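Everything on this sheet refers to the single structure shown next.
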Amino acid sequence: MDPGEGLRLVLPARALDRDRPARPGPGPRRPGDHLQRRRRAPAERPDQPAALRHPDPDLLHLPRDDAAARRRRAHRHPVGRRPDPRRPAGRVRHPGPGHADQLGQLRRPRLHRGWWPVTTPAGEVRTRFCPSPTGMVHVGLMRTALFNWAHARHSGGTFVFRIEDTDAARDSEESYRHLLDCLRWMGLTWDEGPEVGGPHGPYRQSERHDIYREVAAKLVEAGHAYESFSTNEEVDARRRAAGQDPKLGYDNADRFLTDAQKAAFRDEGRSPVLRLKMPDEDLVWTDLVRGEIRFAAGSVPDFVLVRGNGAPLYPFVNPVDDALMRITDVLRGEDLLPSTPRQIALYAALTDIGVAQGTPRFGHLPYVTGEGSKKLSKRDPQSNLDVYRDRGFLPEGFANYLALLGWSIAEDRDIFSVQEMVEAFDVTRVSPNPARFDLKKAEAINATHLRALPVEEFVDRVVPYLAAEGLVAEPPTAEQDRVLRAIAPLAQERMVVLSEAVGLLRFLFVDDVEIEPAAADKQLSGESAVQVLDAATAALGELADWSTPAIEQALKDALVEGLGIKPRQAFGPVRVAVSGRTVSPPLYESMELLGRERTLARLAAARGVATAG
RNA sequence: GCCCUCAUCGUCUAGCGGUCCAGGACGCCGCCCUUUCAAGGCGGUAGCACGGGUUCGAACCCCGUUGGGGGCACCA
């Protein structure tokens with residue numbers, strides 16, 4: 001769309017500063033400000049029914065008549081709870097984020113005084129996933145994608161995929177491609193975005209520079225943004241001179257520059273950054289996963305929208321694109337939570353100039369942590385999705401596990417399909433606490449999915465791993481296929497990830513097996529091993545019917561009965577001889593598939609090892 | 001330092017004021033089954049961070065403390 005359409009200049013710039021004295025370096029905070037901070041302030045408005053104060057269930061496409069669900073939502077959202085008659089209304093010092101606006105009505109923004117226009121979008125849910133293509137794909141990132149996707153799918157909305165490739169130094173085409181590949185691997189299809197297009201494109205920020213320039217110009221024109229010439233050193237010095245902590249950051253001083261002063265700075269050769277004029281209001285929103293969050297007025301300084309060199313910055317570009325793409329629900333990592341007040345302020349300004357149609361709902365997802373409780377680092381190999389893909393995690397198994405990081409489908413259940421997740425997913429039921437990535441559990445969940453795979457499906461998925469090792473052709477020959485299908489049910493239940501098929505099934509697809517040294521030490525060292533091998537060879541050599549039951553009978557007769565040894569000792573050497581390992585699929589079935597010739601050859605070869613050792 | 005945020009078994013969670021001496025899953029430990037390894041079956045271990053308040057009643061609501069995490073850029 002043309003961001004220019006509907007541009008209206010509402011307030012003269014002067015008016016915006018009405019209740020700000022024009023003194024230099026007013027500072028964003030006044031003494032005692034921190035004492036007025038309210039945590040999750042009780043914002044009940046007894047004059048409004050609770051239902052009206054919660055985002056309309058219709059907008060979220062939540063089940064309307066599920067009383068329990070409604071109660072749960074109310075719990076998550078203090079603003080949606082019933083008024084407590086014991087709590088004096090006088091404690092409510094601020095009207096909150098404009099509850100009426102949450103019904104989707106677009107209220108005329110009156111900046112810097114009165115209502116702060118947090119307008120909840122009406123209509124169809126639109127979520128987005130907007131990674132920057134720098135390096136590997138992080139599992140936490142993937143979970144964010146999954147939740148956004150599930151939220152859109154659950155509510156019959158639209159899932160938008162946008163690439164934030166504004167950092168030329170770090171972005172690469174390769175990781176861009178990889179990102180698309182990872183999303184597709186997990187089945188997270190997007191309705192608008194790269195390669196599929198859509199009405200709000202382009203979907204790569206590198207192709208949207210003109211838009212940002214235009215929007216920035218309009219913000220300045222409307223008095224929402226202003227040129228700022230202060231260097232960090234100057235801000236610092238002013239803070240210190242005023243006896244304040246320099247860590248407070250920018251002091252909004254350039255808001256009050258006269259044209260003459262600006263001209264003077266330009267003459268010095270300075271090029272200004274553009275900053276957004278932050279409102280003199282508490283910035284509040286009802287977080288989809290955390291309930292009400294409030295930042296005190298003045299605690300967030302005017303922030304930079306556009307660099308001195310004209311390059312737009314992330315905190316500017318991201319909301320602009322969300323606004324233009326009509327995103328209604330922003331689910332993102334909790335690391336972005338502290339920047340949300342700035343975004344909300346920006347949205348108000350964007351709404352004012354007609355670029356945005358209100359403010360989206362925000363939901364800040366908890367961190368995925370690694371060992372300890374630190375956020376899972378990008379440098380931690382455990383955080384790389386490729387590691388799991390390469391090991392042969394199933395997309396459905398991995399998605400299932402990822403979903404469990406912060407969400408649960410039911411009290412007594414944690415295995416489910418992606419489809420089932422979509423049906424049940426409710427963002428407001430996402431837990432706010434950080435979740436440790438637990439490899440053991442991920443494996444257990446995956447193993448369950450692996451076992452549940454139909455045989456043909458299992459074979460199809462395992463073939464690439466076997467083919468990569470040169471064990472089978474791709475596609476497998478008729479004979480290989482026969483063997484695979486026969487062994488699949490037996491292999492499935494002793495595997496956790498697909499790559500394990502290589503070690504487990506290799507012996508079926510080679511002429512001569514290589515015996516693992518540890519296995520040889522354990523099972524082929526004593527003299528009894530030679531005896532066992534000889535007895536097995538004799539029994540099998542003359543077997544008329546080469547079938548699993550016949551093999552079983554013959555071996556039991558020859559070894560357990562004949563030699564009078566325990567099954568454990570009897571079958572150990574045979575297993576190692578046949579498979580080369582101490583762990584294998586069931587023995588008799590394996591031997592049947594291997595055939596008499598190869599089986600006898602391996603018994604002989606193992607006998608050689610046993611006598612030599 | 002300031003701001004924000006989180007707090008139930010080792011881990012992920014259920015819990016929405018009485019139905020909870022807290023349920024499930026992973027892990028761990030036993031036992032059964034068994035030709036190995038698994039799978040499966042049965043059983044066990046282990047938790048409401050602390051202190052106040054509200055209430056007839058608190059894991060649940062409020063306040064605080066403590067502890068963890070994150071953010072405070074002309075990075076994204």
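Quick caveat, the model's predicted, so the values are computed rather than measured. Every chain is numbered from 1, with letters handed out A, B, ... down the list of sequences. Only this structure's heavy atoms are used, side chains among them; waters, hydrogens and symmetry mates stay out.
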- line: Atom CZ of R332(A) and atom C1' of U5(B) are separated, to the nearest Å, by 14 Å
query: Using atom P of each nucleotide, how far apart are A49(B) and U8(B) to the nearest Å?
result: 6 Å
query: What distance, rounded to whole Å, do you find between the two C1' atoms, one in A73(B) and one in C60(B)?
result: 41 Å
- request: Could you state the atom-to-atom distance from CG of L450(A) to C1' of A38(B) in whole Å?
  value: 12 Å
- prompt: On a whole-Å scale, what distance lies between the P atoms belonging to G41(B) and A22(B)?
  reply: 25 Å
- request: State the CD-CZ distance between E371(A) and R436(A), to the nearest 0.5 angstrom.
  value: 5.5 Å
task: Indicate, with a heavy-atom threshold strictly under 4.0 Å, whether R581(A) touches base, sugar-phosphate, or nothing.
output: nothing
- prompt: Any idea how F393(A) and Y388(A) line up, ring-wise: parallel (<30°), tilted (30 to 60°), or perpendicular (>60°)?
  reply: perpendicular
message: Treating R143(A) as the side-chain partner and V139(A) as the backbone partner, does any N or O pair qualify as donor plus acceptor under 3.5 Å?
response: no
message: Which label fits H209(A) and Y212(A): parallel for a plane angle under 30°, tilted from 30 to 60°, or perpendicular past 60°?
response: perpendicular
task: Can you sort out the partners of E233(A) under side-chain contact (heavy atoms from CB on, under 4.5 Å), two or more places apart, ordered by chain and number?
output: T231(A)
- request: On the 0 to 90° scale, with breaks at 30° and 60°, tag the W285(A)-F295(A) ring pair as parallel, tilted or perpendicular.
  value: parallel
- prompt: If you measure from the P atom in C31(B) to the same atom in U13(B), how many Å do you get, rounded?
  reply: 33 Å
field: Rounded distance (Å) that lies between atom P of C37(B) and atom CD of Q523(A)
entry: 10 Å
query: Excluding sequence neighbours, so at least two apart, what forms salt bridge (charged side-chain N to carboxylate O under 4.0 Å, His left out) with D165(A)?
result: R204(A)
- prompt: Taking atom C1' of U13(B) as reference, at what distance in whole Å does atom CG of N400(A) sit?
  reply: 13 Å
Using a 3.5 Å cut-off and no angle test, enumerate the donor-acceptor pairs between side-chain atoms of residues 554-563 of chain A and protein atoms at least two apart in sequence or in another chain.
residue, atom, partner, partner atom, Å
K556(A), NZ, E552(A), OE2, 2.8
D557(A), OD1, Q553(A), NE2, 3.1

query: F416(A) has an atom CZ; how far is it from atom P of C12(B), in whole Å?
result: 16 Å
message: Using atom C1' in both nucleotides, what's the gap between G44(B) and C63(B) to the nearest angstrom?
response: 40 Å
query: When the ring centroid of W407(A) is compared with that of Y401(A), is the distance short of 6.0 Å?
result: no
message: Please give the distance between the C1' atoms of C48(B) and G23(B) as a whole number of Å.
response: 13 Å
message: Rounding to an integer number of Å, can you tell me how far W285(A) CH2 sits from U5(B) C1'?
response: 10 Å
- prompt: When the C1' atoms of G24(B) and U45(B) are considered, how many whole Å apart are they?
  reply: 16 Å
- line: In B/S/- notation (B base, S sugar-phosphate only, - none; protein heavy atoms under 4.0 Å), nucleotides 23-36 of chain B written 5' to 3' is BBBSS-------BB
- prompt: How close or far is atom P of A39(B) from atom CG of L490(A), stated in whole angstroms?
  reply: 15 Å
statement: Protein-proximity profile, nucleotides 66-76 of chain B, B/S/- by nucleotide at the 4.0 Å heavy-atom cutoff, equals --SSSS--BSB
message: Counting only Watson-Crick pairs (N1-N3 plus N6-O4 or O6-N4) and G-U wobbles (N1-O2, O6-N3), all under 3.5 Å, who is the partner of U19(B)?
response: none
query: Are R429(A) and G15(B) close enough that a side-chain N or O sits under 4.0 Å from OP1 or OP2?
result: yes
Indicate every side-chain donor-acceptor pair of residues 445-453 of chain A with a distance under 3.5 Å to a residue at least two apart or in another chain.
residue, atom, partner, partner atom, Å
T448(A), OG1, A444(A), O, 3.0
H449(A), NE2, N400(A), OD1, 2.7

field: C1' atoms of G71(B) and A38(B), separation to the nearest Å
entry: 47 Å
